[in-house]
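Please read the structure below before turning to the comments.
Nothing here was measured: the structure is a model prediction, and the numbers come from that model. The first residue in the sequence is number 1, and the count goes up from there. Both ligands and their constituent atoms are indexed starting at 1 by order of listing. For the numbers below, each heavy atom of this structure counts, side chains included, while hydrogens, waters and symmetry mates do not.
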Amino acid sequence: MQYNEKLNFLLVALLILVVPAIQAQKPVVHELSTSDKVKIETLLSTMTPDEKAGQLSLFLSGWDTTGPVLRADYLNLIKEGKAGAIFNAYTVDYVRKLQRMAVEESRLKIPLMFGYDVIHGHRTIFPIPIAQACSWDLTAIEKSERIAAVEATAEGLNWTFAPMVDISRDPRWGRVSEGAGEDTWLGCKIAAARVRGFQGDDLRANNTLMACAKHFAAYGAPQAGRDYNTVDMSMISLYEWYLPPYKACVDAGAGSVMASFNEIAGIPSTANKWLMTDLLRKEWGFDGFVVTDYASINELVNHGIAEDFKDAAWQALDAGVDMDMQGSTYLNHMPELLNEKKITPATIDHAVRLILEAKAKLGLFEDPYRYCNKSREKKEVMTADQLDFARHFVSQSCVLLKNPGQILPIPAKVKTIAIIGPLGDSRKEMLGSWSAAGSWEKCVSLFDGVKKMAGDKMEVILEKGCNINDYDKSGFDAAVRLAAKADYVILALGESCGMSGEAACRTSIGVPGVQNDLAEAIVKTGKPVAVVLFNGRPLALTKLASMPVAILETWFGGTEAGDGIADVLSGKVNPAGKLTMTFPRNEGQIPLFYNGKNTGRPLDPADTADEYVSRYLDCSNDPLFPFGYGLSYTRFSYSGLVTKVDDHNISIAVQVANTGDRDGEEVVQLYVRDKVGTVTRPVKELKGFQKVLIKKGETQAVSFNLPFDDLAFYHPDLKKYWDPGEFVVYVGTSSAETLSGSITVK
Ligand code: GLC
C-alpha cells in the first residue's frame, strides 16, 4: 500500500471512529456553579411571599409610536422586586432601562429575564417553520435558530418562546404554520436541532437564547381543527405520536417548557399534574421551569375546572406550573394560599428556585447587562451573511408540486414575464405569522426578486388581477390583457399571512377568494403559467392542480422571499423540498396523513368491485400530494434495494440515479412497516432520510443503518419496545413512491 493510500486509509478510519462519537454526544447540560446555588438558597431564605410570587410572574411589554412601553403598574412591580420576567421587550436601551430598575431599585436586586416569540428569526426573518421543515436540512434549521439567537440577544433578549413542536395532522388548524408537520420522527429531529441552535453549548454566552418547548402538550390535535379546542385521544396515541417532540426538546436540554391552552381528556394542561410533574419531571427528568401560555391559568375558570382565579392559581402551582404569563394569578393569590396552608412553602420555593436557576444558567446574576451590548446590536443584526443564508434557506424550503412540460425553470429565451395575482408585489405577506421584530419594509417581494433576476434581459410587468380573499373579479380583464403582452406568466396566489397562525383556522382550505377563477382566465390565454403559492398550511389544490400549470409551493419565505424564489424560478437553484404535511384533495378527507392504519377493510385500488371497504363514495382515499413529495428539475430513479439483518441492525442500500440533464439534490426517504404488532401499526413510518447531491447522469449508492430499537413502539402498558416479526422496508422519493423489500427480525 502506497504512503498516501495508507494516509487516506488512516484518515477514513479516524473519521469512522470520531464522527459518530461527536454526533452521539449528549446535549450540553447547563450546570449551576456552587456559588450560583448558594446565592439562590440565600435569596430564597430572605424573599417575602410577595417577592416569591413576583418571581413567578411574567408581564407583557407593549409598543406605541414612540417605541417600547411598559404599563406603569408593571414598572412599579419591577421596582418592588415583584416581577420575574418581561416579554416582548427588546432593544438594548429599553432592556437596560428595565433591568436597571430591577437590579438597582428593588430590595433584592434579582435580574429580570426577557422573553419573546422568536419563532423563525428575530430581525432577519426566515421561512415559516413548516417551510423550513420541507428543506429536510437539519443543519440549516439549526443554523437559522443560531442566527435568530445572535440577533435576538444582540437586542437584549435571553429567552424565546420556541420551538413550537406540536405535531398536527389537521391543516384546518392555523398553527401548523409554526410546526414541522405531521411526522413524529422528523418532528423530533427538527425539535432537537432548534433547541441546539437557540441554546448553543453555553447558555451563559451573550449570544444564546433559552429555548421553550411548546405547547405542552398535544395542542396540535384540537377537535375540528379549531384553535384552543378540546383534545381527547388515547394514551397510546398521545405517547406514540404527540409527546415525543417535547421529550426531544427536554433531552436536548431545553431550559423551559410552555403549558398549552388545551385540555387533554378533561384536564387542561395548565392544571395537569400528571403531565407537568409525573411525566415531564419524574419520568423525563426535566430540570427547567414551566411557563403558562398567555393567561392560561385564568382560563381554567372558562374550562370549568376552577371556581375562580385563586382556585386556578392553586391548581396550576400544585400541578407543577412555575411561571404565570400575564395572568397575575400567582401575584394576587399565592400569599393568601400560603396563609390558608392551601399550598406549602416548599412548593412555592421549588418553583422560585427553578426561575432563579434559569437566571443563573443565563449568567444574569454574574452580569445582568450581559445581553445589553450596543456594539453587538449594531454589528450582528441583518448582516450580509445572515441575509445570504436566509435567501439560501428560502430556496431550500420551496417544494415543486407540478411541472408539466418543464414549464419551470423560466426559459432563457423569455422576453416578457407577467406577474399576476394578489401576492405578486406583496412584501407584508412574506413575513408569515409570528414574525418577531422583522419589518416587512425590508422584505423582498416576488416582483422585486424576479425583476432583479431578469435584469435587462427580460421585462417584468405586474397586475394584481384580484384580491386575496374576496369575490371581486373586476381586475380580471386587465390581468388577461397583461398576460397577452407577455410570453411567460407567473401567477402569485395563496393566503394572506393572517390566514394562518394563532386563532386563524379555516373550514375550507382551498386557494381563497376568486384566485382559482383568475388562474383559469389566465390559462385560457395559452401562455406558459407557473403558479407561485404563498400559504401557511397545506391547501386543497385540486382545482388548481387540474390546470396545465407548474406549481411551486413557497409558503411564506420571510425577509429574502423574493430573491430565494427567483433563484428557483430561474433554475439557479434546483428545488429539492419535500412536503412534511399531507395536502388533501378536500377538507372531507381530514385528518389525512401518510402513517395511518391499514384497518380491517383496507381499500385495494386494484379491486374496485369490493364496495364494503374503507373508502368514500365521492373521493379517493389518496391525498393530492403525499407526505415526503416534491419534484425536481431533474429526475431520479431508484433501483437495487438491498436489505440485510444482523443481530442488532437492519442495513439497507439502494442505488439512486440522476437521469435528467442537471445536477440535483434528492431527499432519499426510508420508511418501515411492522406487519404484525401487539397493537395495530401504521402502514409505514419514516425512520430515516438522506439529502444527497447527485450530478446529472450519475448514480449514487445510498445506505441506511436501522438499529432494531428504532422499530420500538408503545404497547398497551405504555412501555416502548419492538416486537420481532415481519417488516417491510420502503425507500423512495416520497411516502407514496418507493421500492420495498421484506425482512424478518428475530
Ligand atoms: C400566545 C401563543 C404562544 C406565545 C404566547 C406569547 O397566545 O399561544 O405561542 O408564545 O402567547 O406571545
Side-chain angles (χ1 to χ4, degrees), residues 57-63 68 70-71 74 83-90 112-122 128-130 145 148-149 152 157-168 173-180 191 194-195 198 209-222 225-229 231 245-246 249 254-264 268-270 288-300 302-303 316 321-329 431-438 497-498 500-505 536:
S57 303
L58 166 63
F59 297 108
L60 175 69
S61 173
W63 290 75
L70 194 65
R71 280 171 36 175
Y74 292 168
I86 300 291
F87 69 112
N88 290 10
Y90 54 89
L112 295 164
M113 281 170 64
F114 289 89
Y116 193 37
D117 289 287
V118 182
I119 307 296
H120 53 109
H122 177 67
I128 55 174
I130 192 167
E145 303 301 24
L157 293 162
N158 39 55
W159 180 30
T160 177
F161 304 137
M164 182 278 213
V165 297
D166 306 319
I167 293 293
S168 185
W173 187 54
R175 301 196 76 166
V176 297
S177 58
E178 303 169 46
R194 292 195 185 286
V195 170
F198 283 133
L209 273 180
M210 179 171 281
C212 182
K214 75 182 186 182
H215 305 77
F216 191 58
Y219 178 45
R226 196 173 75 238
D227 209 356
Y228 318 120
N229 203 7
V231 171
Y246 307 108
C249 290
S256 63
V257 165
M258 182 183 290
S260 61
F261 287 122
N262 59 283
E263 70 164 70
I264 302 175
S269 303
T270 307
F289 69 95
V290 174
V291 63
T292 71
D293 202 337
Y294 195 101
S296 65
I297 295 177
N298 311 64
E299 293 177 9
L300 296 179
N302 292 340
H303 275 289
V321 171
D322 306 300
M323 183 176 262
D324 172 0
M325 177 192 285
Q326 195 57 16
S328 296
T329 62
L431 286 174
S433 61
W434 293 111
S435 54
C497 64
S500 60
E502 185 171 358
C505 302

Could you go through the side chain to side chain contact (heavy atoms under 4.5 Å, CB included) check for Phe59 and Gln326 one step at a time?
-> CA-CA 5 Å; Phe59 297 108; Gln326 195 57 16; 4.2 Å; yes
With a 4.5 Å limit on heavy-atom distance, are the side chains of Lys214 and Tyr219 in contact?
->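 Not in contact.
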Using the side chain to side chain contact (heavy atoms under 4.5 Å, CB included) rule, take Tyr90 and His122 through it: C-alpha gap first, then chi angles, then the decisive distance, then the call.
-> CA-CA 11 Å; Tyr90 54 89; His122 177 67; 4.1 Å; yes
Output for ligand 1, non-hydrogen cut-off under 4.0 Å, lists Phe87, Asp117, Phe161, Arg175, Lys214, His215, Met258, Phe261, Asp293, Tyr294, Met325, Trp434, Glu502
For the residue pair Phe216 and Tyr246, categorise the inter-ring angle as parallel (less than 30°), tilted (30 to 60°) or perpendicular (more than 60°).
->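 Correct class here is perpendicular.
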Short question: side chain of His303, backbone of Phe261 - any donor-acceptor pair under 3.5 Å?
-> yes
Ala217 backbone acceptor or donor facing Ser260 side chain under 3.5 Å = yes
